[in-house]
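Below, read A as the first sequence line, B as the second, and so on, with proteins coming before strands; counting in each chain starts at 1.
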Number of protein chains: 2
Amino acid sequence: MATYQEPDGWEILGDPSRRAIVECLAVRPRAVGELADELPISRPAVSQHLRVLKDAGLVEDEAAGTRRVYRLNPAGVSALRDQLDMFWRRTLEGFQEIVEDEGKS
Amino acid sequence: MATYQEPDGWEILGDPSRRAIVECLAVRPRAVGELADELPISRPAVSQHLRVLKDAGLVEDEAAGTRRVYRLNPAGVSALRDQLDMFWRRTLEGFQEIVEDEGKS
DNA sequence: TCTATCGGTAAGTCGTAGCTTACCGTTCGT
DNA sequence: ACGAACGGTAAGCTACGACTTACCGATAGA
């Protein structure tokens, strides 16, 4: 499936532009130019981000004439989500009781 | 409560060293020097990361002689977690059905 | 009181991520 | 077949974040 590679997921979503793109694509698939119009960065910048997201398996693209429509890859998204959850699980295990104990202190 | 400020949470945990520190402190509270011993970075570097984490409300510190013991702040941790969850909620709302529909295709 | 340990801060270096401009290939419409 | 729209890529710049060394204050032990 190759939904995900090595770049931490944190690194991928660490960039605000990339998060914006992901949120944008979550609403509906869009072409590169459309994305660039809604973001404060240039079209090439969007392209570069899309490349990163695609390498990570987060988005898929499809040619549509001269345009290229990008959309979220559900499998990649949930894989990434799982990976981030793993961090929380590891962090909170053996610590969870304190969280629940003190509550919001 | 001031558990959290503006720096995205993504930015905070985006750094591998910082994640390592958090995971380390999740096991048990530690002094600065102890943390530095377990990480491949210098003690001042650890100090600087701890500063970021403290400003974000993720950790608390307590003087213990010449040493300074840091531990996770449960409220800050869950606040951060909630914030990251918000991203996913926003991203997946109106997209969730596709995820569940296609499953892992 | 003197000294050693511990940790925060300042200053400076370095690498890299993100952005822009410029260019080029491809595809559609006329 | 020609021109225009669309998007990927190369090259280069810039800014910032992470790290190091050096220094200093504070605390505890002898």
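If you check distances only, the side chain of B:Arg43 does reach the base of C:dG8 with a donor-acceptor pair under 3.5 Å. Interface remark: the A:Arg68 side chain does not form any donor-acceptor pair with the D:dG8 base, using a distance-only criterion of under 3.5 Å.
DNA chain D is contacted by both A:Val32 and B:Arg18; A:Val32 maps to the nucleotide lying nearer its 5′ end (nearest heavy atom per residue). Where B:Gln48 and A:Pro44 meet DNA chain C, the nucleotide closest to each residue was compared, and B:Gln48 sits on the side nearer the 5' end.
Counting heavy atoms from C-beta outward, B:Glu23 and A:Arg90 have side chains that approach closer than 4.5 Å. Counting heavy atoms from C-beta on, the side chains of B:Trp88 and A:Leu84 come closer than 4.5 Å. Side-chain contact between A:Leu58 and A:Leu25: absent, with no pair of heavy atoms (C-beta onward) separated by less than 4.5 Å.
Here D:dC6 is the nucleotide among C:dC6, D:dC6, C:dG18 with the atom lying nearest to any side-chain atom of A:Arg67. You'll find that the side chain of B:Ala31 is closest to C:dG7, out of C:dT27, C:dG7, C:dG18. Of the candidates D:dC19, D:dT9, C:dG18, D:dC19 carries the atom nearest the B:Ser17 side chain, counting heavy atoms from C-beta on. With D:dT20, D:dT9, C:dT21 as the choices, the nucleotide that has an atom nearest any side-chain atom of A:Ser42 turns out to be C:dT21. The nucleotide whose nearest atom lies closest to any side-chain atom of B:Ser47 is, among C:dT9, C:dC6, D:dC19, C:dT9.
For the pair A:Ile21 CD1 and D:dG7 C1', the computed distance is 14 Å after rounding to whole Å. Summarising the geometry, the separation between CG on B:Leu50 and P on C:dC6 is reported as 16 Å, rounded to the nearest angstrom. In this structure, B:Arg51 places its CZ atom 15 Å from C1' of D:dG17, rounding to the nearest Å. One atom, CG of A:Asp61, and another, P of D:dC6, lie 17 Å apart when rounded to the nearest Å. Look at CG on B:Asp15: it is 14 Å from P on C:dT16, rounded to the nearest Å. Distance B:Leu39 CG to D:dA18 C1': 13 Å, rounded to the nearest Å. Residue A:Glu11 contributes atom CD, which lies 13 Å from atom C1' of D:dG17 at whole-angstrom precision. Look at CG on A:Asp37: it is 13 Å from C1' on D:dG7, rounded to the nearest Å.
Note on A:Val69 and A:Val22: separate hydrophobic clusters, where clusters join Ile, Leu, Val, Met, Phe, Trp and Tyr whose side-chain heavy atoms are under 4.5 Å apart, directly or indirectly.
Ion pair B:Asp37/B:Arg43 not flagged as a salt bridge, since none of the NZ, NE, NH1 or NH2 atoms sits closer than 4.0 Å to an Asp/Glu carboxylate oxygen.
Regarding contacts with the backbone of C:dC19, a side-chain N or O of A:His49 is found under 4.0 angstrom from either OP1 or OP2. Applying the 4.0 Å criterion to OP1 and OP2 of D:dG8, one finds that A:Tyr70 has a side-chain N or O inside that range.
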